[in-house]
Amino acid sequence: MAPKVVCVVGPTATGKTKLGVLLAKEFHGEVVSVDSMQIYRGMTIGTAAPTPEETEGVPHHMIAVADPAEQWSAARYAAEATPVVDDILRRGKLPFLVGGTGLWLDALVRGHGFAPGRTGGKVREELMREFDSGGIGPLLRELGRVDPVSAEKLHPADTKRILRALEVYRETGKTISSHDEETRKLPPRYDAVYIGLRFRDREEMRRRIDLRVDRMVEQGLLEEVRTLLRSGLPRGSTSLQAIGYKEFLGVLEGNCTERDAVAEVKLRSRQYAKRQLTWLRHIPGIHWIDWGETRDFGRAFQISTEILSAEGLG
RNA sequence: GGGGGAAUUCCAGAGCGGUCAAAUGGGGCAGACUGUAAAUCUGUUGCCUACGGCUUCGAUGGUUCGAAUCCAUCUUCCCCCA
């Protein structure tokens, strides 16, 4: 039987971090962050990474462990987070996977591994060159020959995935569709209990996000971005894809006013939250806790406690 | 006070007599997602008893077989001269 873990999920600004800490304290657990941006060092304000006060002494893992200049990926995350989770289990504690990066969470929980090939790899570079010179047409035709299942499924505009599908084939001689098919059948590595946080009302979510962004600015987001840049971060870094950072980069470069940047960050954040909700809808069995006008953590804690107890944890 | 310009579907903004429920972008909504995932990609977006029908393009009234597109008046806004 797969070991049990608890996942605290939900879109941005719903309070996953706080609930995670409350529960970890109660259930003798440790937190493993599942966040593609909190992974990078020096990005605490803009990613709302938990501060030492907020962790309340609960050990947190996979936060600020990467250099912002590095290119992390779901695969690398899963590879590094898995032993961390296992170690927590070995010590008889309960892992709380807390975060909003859907793919990373799935990769960790299901533990399927990814097919070979990576960003920056030789084959990928080669494919990029071919794409630049010949467009997607020839590549899509090639995919149609070697992996018709993927070619059929992928939209012609979905360059990224078309290249990746070809990459897997060229690297391994096997198709990504067969790889996916096989890994889908594998039993998950962990038996996850999902607790989801969300707002009942979209407007309320929006207000919460706006508030959060305003607070980030007050706490010095601009300065944080400036410091990050001073460390000689390459412009194309994955870490700079983070919402808040890419917009404030524009402010520092004088391409946009802080006021506009703030509005942009709020907008992109709520669009992101929507995508997170879409992702989460495909996970069956999430125990949702709906926030009303206020986030009543006392109540959420109580509900979660009951859920976890019913699951035999605690 | 005089002269000129503009009013379009949630927003910006095309359209300049029929092929217009109205390009395009944004936003909204929905979806996808197996090595960049806070990324990337897709669909949809007036109403309906829906392969057809109905009501829209500041307002009213005209011209015309036919108008968002032409004319008149009115309303609002912008610019210029006073």
Side-chain angles (χ1 to χ4, degrees), chain A residues 11-13 16 33-40 43 46-49 66 68-80 99-121 123-125 127-128 136 149-150 153-165 167-168 171-172 174-186 188-189 202-203 205-206 209 212-213 216 221 234-249 263-283:
Chain A
T12 188
K16 297 184 290 293
S33 160
V34 190
D35 188 299
S36 67
M37 293 302 164
Q38 287 182 3
I39 199 94
Y40 298 109
M43 296 176 58
T47 64
E70 287 182 276
Q71 305 279 324
W72 272 54
S73 66
R76 172 147 187 210
Y77 170 78
E80 305 219 9
T101 306
L103 176 65
W104 287 29
L105 213 220
D106 278 7
L108 177 57
V109 170
R110 293 166 56 184
H112 56 56
F114 290 82
R118 54 149 47 97
T119 304
V123 175
R124 184 87 128 253
E125 302 278 277
L127 283 161
M128 297 282 266
I136 201 67
V149 178
S150 290
K153 203 172 63 182
L154 263 17
H155 189 279
D158 203 349
T159 312
K160 260 187 172 177
R161 294 194 177 82
I162 292 171
L163 293 192
R164 163 100 263 248
E167 173 180 63
V168 172
E171 290 263 8
T172 67
K174 289 179 65 180
T175 64
I176 193 169
S177 47
S178 66
H179 172 271
D180 290 355
E181 168 101 40
E182 286 161 23
T183 53
R184 236 191 302 275
K185 284 189 291 217
L186 298 172
R189 182 178 185 93
R202 274 284 159 90
E203 264 312 299
M205 179 170 90
R206 181 197 174 128
I209 289 172
R212 212 247 262 275
V213 173
M216 284 175 182
L221 178 58
R235 278 312 140 91
S237 300
T238 304
S239 55
L240 283 181
Q241 288 180 168
I243 294 170
Y245 296 82
K246 54 179 175 234
E247 293 80 7
F248 271 66
L249 187 64
E264 186 74 7
V265 172
K266 289 176 178 174
L267 173 65
R268 306 259 87 107
S269 295
R270 59 173 187 268
Q271 292 178 330
Y272 170 51
K274 216 172 92 59
R275 264 178 280 131
Q276 289 178 300
L277 284 169
T278 300
W279 181 282
L280 291 172
R281 278 196 271 258
H282 84 351
I283 300 177

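Chain identifiers are assigned alphabetically (A, B, ...) following the order of the sequence lines, protein sequences preceding nucleic acid strands; residue numbering begins at 1 within each chain. The basis for the numbers below is simple: all heavy atoms, side chains too, and nothing from hydrogens, waters or symmetry mates.
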- Which atom pair, heavy atoms only, marks the closest approach of A:V123 to A:E171? CG2-OE2, 3.4 Å
- Query: Between which nucleotides of RNA chain B, 5' to 3', does chain A make heavy-atom contacts below 4.0 Å?
  - Reply: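 Range of nucleotides within reach of chain A: B:G27 to B:U42.
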- For A:F114, all residues meeting ring-ring contact (aromatic ring centres under 6.0 Å, His included), sequence neighbours excluded: A:H112
- Note on the structure: By ring-ring contact (aromatic ring centres under 6.0 Å, His included), A:Y245 pairs with (sequence neighbours left out) none
Paired nucleotide for [N] [Watson-Crick or G-U wobble; both distances under 3.5 Å]:
N     : answer
B:U56 : none
B:U40 : B:A32
B:G1  : B:C81
B:U69 : none
B:U76 : B:A6

Taking the [atom1] atom of each, how far is [N] from [M], in whole Å?
N     : M     : atom1 : value
B:U8  : B:U69 : C1'   : 11 Å
B:G3  : B:A68 : C1'   : 27 Å
B:A12 : B:A23 : C1'   : 14 Å
B:A32 : B:C77 : P     : 48 Å
B:C70 : B:C65 : C1'   : 16 Å
B:G31 : B:G52 : C1'   : 29 Å
B:U56 : B:A7  : C1'   : 15 Å
B:C78 : B:G27 : C1'   : 26 Å

Hey, does [X] reach any base, or is it just sugar-phosphate, or nothing, if we go heavy atoms under 4.0 Å?
X      : answer
A:D35  : base
A:W104 : sugar-phosphate
A:L267 : sugar-phosphate
A:G244 : nothing
A:A157 : sugar-phosphate
A:T119 : base
A:E167 : nothing
A:T159 : nothing
A:R275 : base
A:R161 : base
A:A78  : nothing
A:R270 : sugar-phosphate
A:Q71  : nothing
A:K246 : sugar-phosphate

- Task: Could you pick out which residue, A:H155 or A:A75, lies toward the 5' side of RNA chain B when each is mapped onto its nearest nucleotide?
- Result: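 Nearest nucleotide further toward 5': that of A:A75.
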- Query: Want to settle it: does A:H179 or A:M37 sit nearer the 5' end of RNA chain B, counting the closest nucleotide to each?
  - Reply: A:H179
- Residue pair A:D35, A:W104: steps toward the side-chain contact (heavy atoms from CB on, under 4.5 Å) verdict: CA-CA 8 Å; A:D35 188 299; A:W104 287 29; over 6 Å; no
List for me each residue that meets salt bridge (charged side-chain N to carboxylate O under 4.0 Å, His left out) alongside [X], sequence neighbours excluded, and say none if there are none.
X      : answer
A:R270 : none
A:R189 : A:D86
A:E80  : A:R76

- Item | Any A:D106 side-chain heavy atom under 4.5 Å of A:I283 side chain |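 In short, these two side chains touch, coming nearer than 4.5 Å.
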- Task: State the CZ-CZ distance between A:R164 and A:R118, to the nearest 0.5 angstrom.
- Result: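 Answer for the CZ-CZ pair, A:R164 versus A:R118, is 10.0 Å.
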